[in-house]
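Structure record follows, encoded as structure tokens.
On a predicted model such as this, the values are computed, not experimentally measured, just so you know. Read the numbers this way: they start at 1 and go in the same order the structure lists the ligands and their atoms.
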Amino acid sequence: MNNLESKKALLIVDLQYDFLPGGKLAVPDGDQVIPIINTLQTSFDLVVATQDWHPSGHLSFASSHPDHKPFEVINLGGMEQVLWPDHCIQGSKGAMLSEHLHQNRIAAVFRKGTHLETDSYSGFYDNGKKYTTGLASYLREMGVTDVYVCGLAADYCVYYTAKDARANGFETYYITDATRFIASETYEQAISDLSGIGVRMISSDEL
Ligand SMILES: [Zn+2]
């Protein structure tokens, strides 16, 4: 691989009000990543964002399953599904990208979780890999070789997005201080899994 040919993209995952303090599915200290990510953006050739964007009544919501409560795990379409509080409903304030996130440099926003029956942690595909968002093709068309992933939440959407970036053949970096997790157990599992498939852990001060 010739390093002169590398092109780096920063992929900002789900920096939306519902994942920030005060939101419906707040990630602890999630707002602390915003100034870090704003600074980081200037070091990248291309900045892309993802946005969780569910129709109301989405089957990942506990409210769609009357016998269950948020954070219980059920079988949904043959896959384990954590049931979440209602969040990031299309067009709601909670689904908007934070106004504190600098957005001028964001070239494209890829929406995910739009299919009623299936959740989508990754910015690339739904959890069953039935639908693509088009993100992989877009990054290839733009000549991207290296993808740097940050945003929320570290142990779900950032984790799965990094995993799929790697599976698509991109050199993938997970910016450890530009993300926050929902739970430490799932975070440790995510880091171990990503390290095992060649995703590199990096801190923003190395960029
Ligand atoms: Zn969601």
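For the residue pair T118/N127, the side-chain donor-acceptor check at 3.5 Å is not satisfied.
Counting just the N/O/S atoms of D52, the one with the shortest distance to the Zn ion (ligand 1) is named OD2.
We find the CD1-CG distance between I175 and D205 to be 11.0 Å, quoted to the nearest 0.5 Å.
Between Y160 and Y121, the two ring planes are tilted [angle within 30° to 60°]. Aromatic ring orientation, Y187 versus Y174: tilted (interplanar angle from 30° to 60°).
With a cut-off of 2.8 Å, the Zn ion (ligand 1) has an N, O or S atom of H54 in range. When distances to the Zn ion (ligand 1) are checked against a cut-off of 2.8 Å, H87 contributes an N, O or S atom below that limit.
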